[in-house]
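Have a look at the structure below before the remarks.
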Amino acid sequence: MDKKNLATILVIDFGAQYAQLIARRVRDCKVYSEIIPHDTKAEEIKKRSPKGIILSGGPASVYTDNTPRLDPAILELGIPVLGICYGMQLLTHQLGGIVEETGRSEFGKTELKIEKASLLFHELPRKQSVWMSHRDSVKEAPPGFKATAKAPDAPVAAMESQEKKIYGVQFHPEVGHTPKGLDILKNFLYEACECMPTWTSISMIEDAVDAIVDEVGDQKIICGLSGGVDSAVAALLVHKAVGDNLTCVFVDHGLLRKDEAIQVEETFRQHFHINLIHVNAKDRFLAKLKGVTDPESKRIIIGEEFIRVFEEEAKKLKDVDFLVQGTLYPDVIESGTKDAAKIKTHHNVGGIPMDMQFKLIEPLRLLFKDEVRVVGEELGLHDDIVWRQPFPGPGLAIRIIGEVTEERLEILRNADAIVTEEIKRAGLYKKIWQAFAVLPAIKSVGVQGDQRSYAHPIAIRAVTSEDAMTADWMRMPYEILEKMSNRIINEVSHVNRVVYDISSKPPSTIEWE
Ligand code: XMP
């Protein structure tokens, strides 16, 4: 999505766990926000003409060599700046204040006392609970700044210079544990940066459609459809921009959930009248995956095969230069950026072969999942696709530990359908981020019908999450687990045991591979 003319807040990432969350919260305030690396130069920022800049927290200390710094010229641009945690310490250090290495850490909830009139705390209570997570602390604000608030272990817990338009908070306004955090951010955004809360799903759609028209004109586009909300919304946006010049290609790689292929075909052919090619590529994917057990190899093989199928279909269509993908912001971040470590290769980003023939169109590249859902609803997409739980591009292949075979796929697909049915029946489907079955690469002993069995276990994974960057295991009522377990063991052949995964992300990930 091109953001040329949009009022933007740039979040400079100093390696914070919370950088994405800051961008999220700014967008929750209906102001567009994007994350940029910490070594971005003032010149580049100036070209973007942001309405404000937020410096994220980070694990570093301003006293350690080679820790990330801010180009000092950024503070001369006259653009309002808010430093959070390490961001505030950096401002203090670079502008001539004193940051103290106390040797004491402050983690958790604490009480903030506001002591002076302040733009950031305008119309907010004088005492409030905030979330701290820091080691060093600001002892003296830089010349020209006033300290506006303190906390038990932070003598300068907030500071500002309205003249310089620079603000700092030692605590984290972006986390839920700071109840007034969103109001503090709003004061920065609306008062200091003079942003209007105008970034809505309609503006997201208009921006995306304009950008696509600008980029592709009346050329032909191909779109990979997976059945999930991301590629469906991406396809609808592109369809809005180029109409019949769009052809969707739905590659059934044989790694989909039960009945998924039928549902996708119905939605796109009957309800949206979009050109659709359904490629049954099951045999070819399974042949490539034969004997492969390494998770990253599976992902790369599947990612590459997808592109090869697209290329073949595109060749048949003639003169197609562009490929649409439903890549989201967390996919981009998790596939590794300068400031974020690579976790796994998401097939729609890092798995793309270097010699790919297409130019990519990724209209959702800067959005989070819930924003995509809002756009989907606005575009008239059906509830069951809008609210479909996320499903990885490599499909069931990365939920089968070890080799992917037809027999193992059948087991997992049937178990997974039961998990979904029971979650829906309990009215939990929309409330949880994902619930699914995993097939581990072991067998265990059981006793079924008075006979010894030696069969597969199924692991049930159910997590709550806001954006998949972090996740917690769902405290599932025992009755539902019991129902799932009974049904899976009774109804799915070759299964004699069910276990429940109680790990959070981090340190685990949501998927098992
Ligand atoms: P992890 O396992 O990394 O998953 O915690 C985070 C979220 O991303 C989904 N996921 C993928 N989505 N292509 C996708 O489109 C992929 O290769 C992929 N791998 C994981 C996963 O289901 C979860 O929602």
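Everything numeric here is computed off the predicted structure, so don't read it as measured data. We count ligands from 1, going down the list as the structure has it; atoms in each ligand are counted the same way. Just so you know, these numbers use all the heavy atoms, side chains as well, and skip hydrogens, waters and symmetry mates.
Sparse packing is recorded around CG of Asp218, with 12 or fewer heavy atoms of other residues, nucleotides or ligands lying under 6.0 Å away.
Close contacts of ligand 1 with Lys505, meaning ligand atoms under 4.0 Å from a residue heavy atom, involve 1 (P), 3 (O), 5 (O), 6 (C). The ligand atoms of ligand 1 that sit less than 4.0 angstrom from a heavy atom of Pro390 are 24 (O). Every atom of ligand 1 is numbered from 1 in the order shown, and the set under 4.0 Å from a heavy atom of Arg299 is 16 (C), 17 (O), 18 (C), 19 (N), 20 (C). Listed by number with element, the atoms of ligand 1 under 4.0 angstrom from any heavy atom of Thr509 are 1 (P), 2 (O), 5 (O). If you number the atoms of ligand 1 from 1 as listed, the ones under 4.0 Å from a heavy atom of Trp433 come out as 24 (O). Of all the atoms in ligand 1, the ones that sit under 4.0 Å from a non-hydrogen atom of Pro394 are 13 (N), 16 (C), 17 (O).
Between Phe391 and ligand 1, no N or O atom pair is found at a separation short of 3.5 Å. Between Glu511 and ligand 1, at least one N/O pair is under 3.5 Å apart.
Electrostatic pairing of Glu421 and Arg487 counts as a salt bridge here, judged by a charged N lying under 4.0 Å from a carboxylate O.
Taking the six-membered ring where tryptophan is involved, the planes of His382 and Phe272 are tilted, since the angle between them lies from 30° to 60°.
Geometric assessment of Arg27 against the ring of Phe368 yields a negative cation-pi assignment under the 6.0 Å and 45° thresholds.
Checking Val233, Val229, Leu364 one by one against Leu328, the side chain to side chain contact (heavy atoms under 4.5 Å, CB included) holds for a single residue, Leu364.
Separation of atoms CG (Asn275) and CZ (Arg269) is listed at 9.0 Å; rounding is to 0.5 Å.
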